[in-house]
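This report concerns only the one structure given below.
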Protein chains: 2
Amino acid sequence: MRGIMSTSRTNLREACLSEAIRTIEKDGIEGLSLRKVARRLGVSHQAPYKHFASREHLLAEVVADAFADFAVFLDKRTRSSRTEDELLAMGLAYIEFALKHPLKYRLMFSTTLPDRSEHPVMLEKAERSYLLLKDCLSGLEYAHRPDIDEAMLERDAMLILTLVHGLVTALTSDAMDTMPISEQARESAIAHTLARIGTILGGSVPTEPEMERISEAVRDRIPTGAVTLNLRD
Amino acid sequence: MRGIMSTSRTNLREACLSEAIRTIEKDGIEGLSLRKVARRLGVSHQAPYKHFASREHLLAEVVADAFADFAVFLDKRTRSSRTEDELLAMGLAYIEFALKHPLKYRLMFSTTLPDRSEHPVMLEKAERSYLLLKDCLSGLEYAHRPDIDEAMLERDAMLILTLVHGLVTALTSDAMDTMPISEQARESAIAHTLARIGTILGGSVPTEPEMERISEAVRDRIPTGAVTLNLRD
DNA sequence: TTGGTAAGTTGACGGTGTCAACCAGAGGCG
DNA sequence: CGCCTCTGGTTGACACCGTCAACTTACCAA
């Protein structure tokens, strides 16, 4: 028999998803439990298992949806912008999304997500956003400079992503509650980050000797190969 | 009566800490439980509560230790380096630590840590590393340029930290298992990041009109004030 | 000696994920 | 029509978990 709830027919699956979202909003990602969503849906504790193999699978789907929303947002906002500077538009869109949907954003970059390799759909949705940025970069005249090859572009894309991610992570961290910053400081932090991205793309590629100097230092100091997974020493 | 274990006297506290570390190594941060620690120490499930108010408190202490180790490492490596380029030395030290102790590093930047504001000791240890970088930056001639004021330095410090953090997060992410990259690509990713940091510090500060252009766009698009904590819409 | 406190103990409660077994209904099919 | 199988729900059990409460011991200070 079905539960008493309004969840008609066999759409319990959808109901679980949206109830999961509501639960995360209220209790955080750690507070999500299959039993809780079942209870809140007025359904037996095992019912969700008919639609999701495990808690992780449910979570993976919620996260995948968040990523999908993110990609759509990025795409739409960047496209619709009449700005010359398409990269600036994308950066702004990124930041706008993260500040408008901090929970969703946090969810996407939580470190306790289900293993990516076991949830290919989630992974695929996540990669979409990265591709959008890379495409955007490819469209700029930056990409047509003779000193920029594919690998360089890829590395710079990563850097840019990292910069914006770091910025919004800081801006939406709960440190902001205990140590709030002024609206003005916030704005200049954002503008500064975006400007510095411009600096990176505008500046010429590091010179050969400079790269060699750094690479040497890297080879000197950075361990190569397998990593050790222990917390001691 | 005491447990049978070798944990003599009242050093159960220390024993808990190191057993917690061992547990995290084996079962991940999610797998840490006070009961497990107690069991592995041959002690009753409530014994750890005499030394740690809750699971979170135990975890906070482990994390605080990790941060302390990190700060010490940064300091030592940077100091001992005979390089002219002190910033490069610090960047390398950062990366070296993260690659040598990926678990410890992940632990420090896990998103499921105890609330920072409720664990001041942990917070304080965490801030130490940031201060080290800022100090390092202050020592450079960069800091003495007329166009660099305190706020600018602070913002650039944040950017640099973000860049290095993003780099090592990618390098130690488990995506590396499923999509491994060549030793050479790894090395150039590292060198590239460090070089781009140089680009940032070397380049001149963004011009006034450029900043104004960006700031305007920011004001246009970025929501101000309170954020909404919901996952819908 | 006495009394109080710190550091252990056992026990209980409510919560979790998940396996197993059962059951009702719907649809295909001989 | 009758049967049979599959889907989506059910209850029940198990082994965990964090944490509160109450009890016991050992020691140390007055």
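Here is the naming used below: chain letters follow the sequence lines, and residue numbers restart at 1 for every chain.
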Under 3.5 Å donor-acceptor, [X] side chain and [Y] backbone:
X        : Y        : value
B:Glu96  : A:Ile222 : no
B:Ser110 : B:Arg106 : no
A:Glu19  : A:Val37  : no
A:Arg55  : A:Leu32  : yes

### Message
Can you confirm whether A:Ile197 sits close enough to A:Val164 that some side-chain heavy atom of one is under 4.5 Å from a side-chain heavy atom of the other?
### Response
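In short, these two side chains touch, coming nearer than 4.5 Å.
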
What integer distance in Å separates [X]:[atom1] from [N]:[atom2]?
X       : N      : atom1 : atom2 : answer
B:Leu59 : D:dG18 : CG    : C1'   : 14 Å
B:His57 : D:dG18 : NE2   : P     : 15 Å
A:Lys50 : C:dA21 : NZ    : C1'   : 10 Å
A:Glu30 : D:dC17 : CD    : C1'   : 14 Å
B:Asn11 : C:dA7  : CG    : P     : 12 Å

### Message
If only side-chain N and O atoms count, and only distance matters, is there a donor-acceptor pair under 3.5 Å linking B:Asn230 with A:His101?
### Response
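Distance-only check fails for A:His101 and B:Asn230.
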
## Note on the structure
Going 5' to 3' through nucleotides 10-17 of chain C and flagging B where a protein heavy-atom sits under 4.0 Å of the base, S where only the sugar-phosphate is that close, and - otherwise, we get BBB---BB

